Every structure is written in structure tokens, then in C-alpha cells.
There are 2 protein chains.
Amino acid sequence: MTSRKSRQIKLVVLYGIALALLAFILHWFEYRFLIMDHSFEVYIGAIALLFTGLGIWLAIKLSKPKVEKIILEKKVFIQTSPKNFTPDKDNLLSLGISKREWEVLQLIGQGFSNQEIANQLFVSINTIKTHSSSLFEKLEVKRRIQAIEKAKNLRLLP
Amino acid sequence: MTSRKSRQIKLVVLYGIALALLAFILHWFEYRFLIMDHSFEVYIGAIALLFTGLGIWLAIKLSKPKVEKIILEKKVFIQTSPKNFTPDKDNLLSLGISKREWEVLQLIGQGFSNQEIANQLFVSINTIKTHSSSLFEKLEVKRRIQAIEKAKNLRLLP
DNA sequence: GAAAAAATCACCCGAAAGTATGAGCCAAAA
DNA sequence: TTTTGGCTCATACTTTCGGGTGATTTTTTC
């Protein structure tokens, strides 16, 4: 954010300098050859075109790019085999499950109640509820049982 | 696509007209009051600013949004082992689990709530509660999660 | 046909689970 | 330095679960 702002400021300053320079050059030319040889309209037109270009360039540089997002879903087939189990860290990351949420998920998977989990982790039951709620959201389920099922399918639990 | 192009053409034409009009107005002013009263630099500056604004406006109007494709991987599960699952009838009998209770157990194992199970079996939720209660008693557990665990160990559920 | 077992349902109550919202703290990142 | 994300906790409210008790109706079994 900060870098973006400073870059914008730089651009504006640059623009100002360029404007001043141009005015100076034009003024200088005015007393030399250019003005006398061309009609006023052509002169104005040239300036207009030039600064229109400058404006376009400025807009392109300054404007945040318009982005259209197209989401394609790719199906990935997975086999479940809980033999020698190691949690699938890719899935943990892609679902955005934090360490603490992961701990809670494991304990839920072992059939503990919220209160028991709270005691084991030395936090309040409300904290566990918060964690489990966000867990259910990330796993797109409504109940802890479904969370366990899904976690097993995702190879997060044995 | 066609409407986009035609709109662009319209804009360009409009821009041309605006430019011509402005040039005319400026020219007209030139011979009246404006030019004589102001320095050349101010005049140039005004035009520059104006057309810079015009350029910015044009760029914003004409710029096509960048298209960004995001590929999401959607997991699909393949169940290997529970394909041809058969419950251990010996255990069912030795525990004294009735048909109806076993049906309820299966639905519990699929993560359904009591209400959902009641709807599926076309009975009241109270009935499901009765069944699940006696189930827990027979399985010697306190919560449905533990019931599922134990049932899986006893080969009653896949 | 009578007794026993299974299935159905109701009501109450308390505990557990889950939702929604807001807020404070802190470390890592921009 | 400011912002962000993770963690913590609280409060209030709703829903679900499970225990307990009791009752009626089927179905099975003797």
C-alpha cells in the first residue's frame, strides 16, 4: 500500500516536471520558428494530442488494473488409505487451517467434547468453540461428525 | 464483443467532436478577450490539463479488463475399502441391537442429526432419541461420536 | 391368547454444541 | 510504523443432544 502510494506520488511529480518542461520548450519554440510557420489550430491540436496521450499513459500507470476473475474447477481424485498415516499438509494449507485449529481438529477426531478439549489445551471453552466454528466453515460442514468424516477423506485425520 | 467495439467507436467519434469544438471555442476566445489577458503559459497549461483529463477519462473508458484465470482444485473421493462392506452380524446380535437401532446407527455414522434421521425414517425425532439412547447404552458409550468409533471397531460400520 | 420384545411418541430438563458479534493482545509482514 | 492474521475470550442466543420417565401400539414368541 505504502509503496503504491509513493509510486503514485513520484508519477505525479514526474508529470508536473514534464508539463513544466514542455511549456518551457513550447515557449522557447514560439519565439523561434514553429509558431510563425503554423496556424494556431494546428498548434493547439498538437498540444491537445500530446497531453491526451500523456493522460492516457498516466491513467494506465496509475489505475489499478481491472481484473476479471474466472474460476475454473479442476477435479482431483484421491484415494483414502489410513495405513501409515501422515497428515496432508497441502490440504491443511489450501484450506487455511491454522496450527491451533488443527490441534482442535485432532482432538475432535478423538471424540473429545469441547470442554475436554479446552482443558487439554488450557484455554476456555469459548475459544474451542471459536476454533471449531471456523474449522467447520473451512471444511464446509455443519457438525463435528461431518468434520471428522471430511477430515479423514482429506487425509487430515487417520 | 460487437457492442464493445461500437461503443469504442462512438467514444472516439465523441472525442473527435469534443476536440474540434474545443479548438473552435478556444479560437473564438482568442480573438475576443481571453488570450490577450493571460500569459501564454497559463493558456497552454489550461489546455494541457484539460486534455490530460480527457486522456485519463478515455483510458479508463476504453481499457479492457485483464482476465485472470484461477484454477481451483476440487477434491473428489474414491472409496476403496468400504465398497463391499458387510456388517458383523455376530456383534449385532451379541449386543442386542435391533434392526431399527441399526438403521439409526448407520445414519448417525453418516453424520446426520437426529432431526434429519427422523425425516429420513418418517418417524418423530423423539423416536430417534429413544433409539439412539438405547444404542449408546448397548455400545457402552456416551456420545454419538464415540458410538461411531466403537461401531467401526466392531465392524458394524464401514 | 398372553407375555415379551420392539417400535413409536410425548414431555421435561439440563448439558453440550453451534452461531453471531465484538474486542483485546501480539507477532509477523508490508 | 501501520496493518494483518492468528489466538484468545466473552456474552447472548438458538439448536441439538442425551437422560429420564411413561405411555400406546405392533410384532414376535411361547
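Letters A, B, ... are given to chains in the order of the sequence lines, protein chains preceding strands, and every chain is numbered from 1. Just so you know, these numbers use all the heavy atoms, side chains as well, and skip hydrogens, waters and symmetry mates. All values reported here derive from a predicted model rather than from experimental measurement.
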Going 5' to 3' through nucleotides 12-30 of chain D and flagging B where a protein heavy-atom sits under 4.0 Å of the base, S where only the sugar-phosphate is that close, and - otherwise, we get -----BBS-----------

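- OP1 and OP2 of C:dA5 both lie 4.0 Å or more from every side-chain N or O belonging to B:S98.
- A straight line from CG of A:L135 to P of D:dC7 spans 10 Å, rounded to a whole angstrom.
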Set out, in order, the CA-CA distance, both residues' side-chain angles and the distance that settles side-chain contact (heavy atoms from CB on, under 4.5 Å) for B:L107 and B:L121, then state yes or no. CA-CA 10 Å; B:L107 293 173; B:L121 298 183; 4.0 Å; yes

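- The minimum heavy-atom distance between A:S134 and A:E101, with the atom names listed, is OG-OE2, 2.9 Å.
- Checked for salt-bridge contact, B:K142 and B:E149 miss the test: no charged N lies under 4.0 Å from a carboxylate O.
- One interatomic measurement links the two molecules: CD of B:Q146 to C1' of C:dA16, which rounds to 13 Å at whole-angstrom precision.
- A salt bridge links B:R100 with B:E103; the closest basic N to acidic carboxylate O contact falls under 4.0 Å.
- B:E116 has its CD atom 13 Å from the P atom of C:dG18, to the nearest Å.
- The neighbour count for B:E137 CD, taken as heavy atoms of other residues, nucleotides or ligands under 6.0 Å away, does not exceed 12.
- With rounding to whole Å, A:I117 atom CD1 is found 11 Å from C:dA17 atom C1'.
- In this entry the distance linking CZ of A:F122 with P of D:dC7 reads 18 Å, nearest Å.
- Atom-to-atom, CD1 of A:I128 to P of C:dG18 comes out at 12 Å; the value is rounded to the nearest Å.
- If you run side-chain contact (heavy atoms from CB on, under 4.5 Å) between B:L135 and each of B:V141, B:T130, B:I97, only B:I97 comes through.
- Between D:dC7 and A:H131, no contact under 4.0 Å exists linking OP1 or OP2 to a side-chain N or O.
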